[in-house]
Each structure stands twice: as structure tokens, then as C-alpha cells.
There are 2 protein chains.
Amino acid sequence: MGKYDCLKIENQLCFPLYAASKEIVRRYKPMLDRIDLTYTQYIAMMVLWDRKELNVKELGKCLYLDSGTLTPLLKKLENKGFVTRHRSESDERNLIITITDKGMDLREEAMKVPSEMGRCLCLNEEDTDVLYKLLYKVLDSIEESKKTIKHKSN
Amino acid sequence: MGKYDCLKIENQLCFPLYAASKEIVRRYKPMLDRIDLTYTQYIAMMVLWDRKELNVKELGKCLYLDSGTLTPLLKKLENKGFVTRHRSESDERNLIITITDKGMDLREEAMKVPSEMGRCLCLNEEDTDVLYKLLYKVLDSIEESKKTIKHKSN
DNA sequence: TATTATATAATCGTTCACAATCTAATTGAC
DNA sequence: GTCAATTAGATTGTGAACGATTATATAATA
């Protein structure tokens, strides 16, 4: 037990989290290439397949991303013809993203992705469930600590 | 149970993994700013604090990163005076990264980071342990599936 | 009503991250 | 020993990711 053991990479929780996330996204790439989406575009499309229409702010909240990331990404999705972007008439500050027919059609092709991914990520059902719950616990706990910081600084 | 439920973001394991990783790195930022490191530089320094000296290839294996990411990152660490870079005499293809005294000194300051981070990531010991093991299970399982793919394509 | 504050996106600058390509060094086959 | 493969790292181009700033629209208030 050295003094600096807490700084060893194998004693960190953040590192396998960071590495696993990257490796999974990398693993998705060849599957997503086939439907002409990057990973971030894919999760944006997931929200849109479900919700059909929402503004940048709401999408950002779903994905933990801000307009700095989403604006160029949504322009690319628009160029590919998967979404349209127009200002809300009732409040012109809001940019409304709407999925197109072409975007909806893509869902059929995208259906193949999760099953293919599941095959190469061979966790059993219980592990998957436990991991899922713990990851959301982490996300919630970070959200919570953000609030505390914000309060302190006020 | 709709036909497309598997494409809902709340039914995906990859998404909370991706989001939690990003949020944790973001959470680290203010702490790492104080020691003038980015997150990726921080994990590279972690390996170097432990190993003192290794080449780019070995470092890349530790961090799941390639030379395209590491070359510019290591040049930045060199500019900051935390490492030196020189070619191996026995095999000039290898670039050896060596930590400097200044780099070693930084470890004392960095010691504050994991404890501060732990405070805002309030998982109990058991959860942390389970999460850690599951994340490495994911990493291993991806490594394994890579080999299979490689074999198939040969 | 005029002014201030807040909210929403867009823009800008910096740093990863990675696939693909390139260069140079080394190894291996013949 | 020569030439082809392999290996290590650097380079290039694209796409995030995010903090900070800016522009515009709306809301709140003096």
C-alpha cells in the first residue's frame, strides 16, 4: 500500500468507464457506417425516432450535450436529409428539429444495430441490468453534486 | 412493447456509459485545471508516475489510445516540462517517454484529485467494486470480440 | 414604455479521438 | 545480401466535445 496508490490507473473507477465508453463507440462504428451515422448522430436519431420533434435545448437535455456540439451535428443530419430545422413561430428563440420521412425510414435499417452490438458485448442479463442501474446512479450522483456546487457559488 | 423499443435511448446500455464517462471527465476539469492537465493528459501522467519510462506503443496499450492521439498530447506534456521524448538507441522506431523531476513533483498536487472526485461521486464501496468489475468485463468482452472479427476476416 | 434580465442558439477556439496514409527503421525470407 | 513484409510513430482530415462569448428574442420590472 504505497502513498500514491490512489493515483494508479488500475485503482481508478473513471478510467475503465472512459475506456469502455470509447471502445464501445469504436465498436459501433462499422455498423453505423452502413447507415451513414456517427455515434452521436445515432443517439440523436434515437431520440428523434421516439419524439419526432423537439428543440435543441430539449435534445441537449436528453443527450447531455449543448448547442456547441448539437448545432453542427444537426446541420449534418439536415444535409443528409434526416431532419429539418426551423424556428418556432410562437418563440423564435427555439429551433425545432423535426424528423423527415427519410429519417423515419432509417429506423428500419437501424434496428439491426442493437442486436448486432449485443452479440459482441456478451454480458448476461443480470450483469447488464446491474451495470445499467449503477451507471444511472453515477449520472444522478454527478447531477446532484453539480447542484451543490452551483448553490455554494451563489 | 413496441417493435422499435430496442432503439429507445432508455433501453440502451451504451448511452449511460457514454454519458457517464463524459460527465465524469467534465467534472474532473476544474480540479485538473489547477494542475494544468486535461483529462487525457492526467491518465497519461498516471501511467508515467507509476512506470517512469515507456514508449508510445506501450502507453497506448495502457490507455487504449493510438499515436494519432498520443503524439500531439505528449508534445504538449513535453512543452509543459513534465516529460521528455527521445528515440531508443537500440531500436530507433521506438520513441521513449520519460517523466521529468517536474513531472514527478506534480504527483503531490495530483494526490488531491481522486479524493475530491470521490466526494462528488458518492457511490458506496460495494457499488464501486461491482461497477469496476463490470466495466472491465465490458472491456474484456470487446477485446475478445475484436479478436473474433480479426480471425474471421483472415 | 423603456430598460434590464433571462433564455436559446450560434459561433469560436482548443483538445481529444480515430481512421487512413506516410515515412523510416527493422526483421524475415529467399 | 537484397527485397519484401512488418513495425513504430507522425501526419492529415473529419467529427465530436465543451467552455466562453455573441446575437437575438422574450420576459420581467422599474
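This structure is a prediction, so every number in the text was calculated from the model and none was measured. Every chain is numbered from 1, with letters handed out A, B, ... down the list of sequences.
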Atom CG of A:Asp101: over 12 foreign heavy atoms under 6.0 Å
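Not buried by this count: 12 neighbours or fewer within 6.0 Å.
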Tell me whether B:Lys61 at atom NZ has more than 12 heavy atoms from other residues, nucleotides or ligands lying less than 6.0 Å away.
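No - once you tally the heavy atoms of other residues, nucleotides and ligands closer than 6.0 Å, there are 12 at most.
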Letter per nucleotide, 5' to 3', of nucleotides 16-29 of chain D [B base touched, S only sugar-phosphate touched, - untouched; heavy atoms, 4.0 Å]
SBBB-----BS---
Counterpart residues, side-chain hydrogen bond (donor to acceptor under 3.5 Å, both in side chains), relative to [X] (two or more places apart):
X        : result
A:Gln41  : A:Lys80
A:Lys76  : none
A:Asp140 : none

Residues from residues 51-59 of chain B sitting under 4.0 Å of DNA chain D, heavy atoms only?
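Here the set is B:Asn55, B:Val56, B:Lys57.
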Does B:Arg85 make a side-chain N or O approach to OP1 or OP2 of D:dA8 shorter than 4.0 Å?
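The answer is no; no side-chain N or O of B:Arg85 sits under 4.0 Å from OP1 or OP2.
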Do side-chain atoms of B:Asn11 reach the backbone of B:Asp5 as a donor and acceptor pair under 3.5 angstrom?
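Checking the backbone N and O of B:Asp5 against the side chain of B:Asn11, a donor-acceptor pair under 3.5 Å is found.
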With no hydrogens and no angle check, just 3.5 Å: does a side-chain donor-acceptor pair link B:Ser88 and B:Ser90?
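Judged by distance alone, the side chains do pair up.
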Is there side-chain contact between A:Pro114 and B:Gln12, with at least one heavy-atom pair below 4.5 Å?
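Touching, per the 4.5 Å side-chain cut-off.
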Check whether NZ of the Lys or CZ of the Arg B:Lys8 lies under 6.0 Å from the centre of the six-membered ring of B:Tyr4 and within 45 degrees of that ring's axis.
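Ring-cation test returns no.
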Based on the rotation axes of five pairs at each end, what angle does the helix from C:dT1-D:dA30 to C:dC30-D:dG1 bend through, to 10°?
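Axis angle across the helix from C:dT1-D:dA30 to C:dC30-D:dG1, nearest 10°: 10°.
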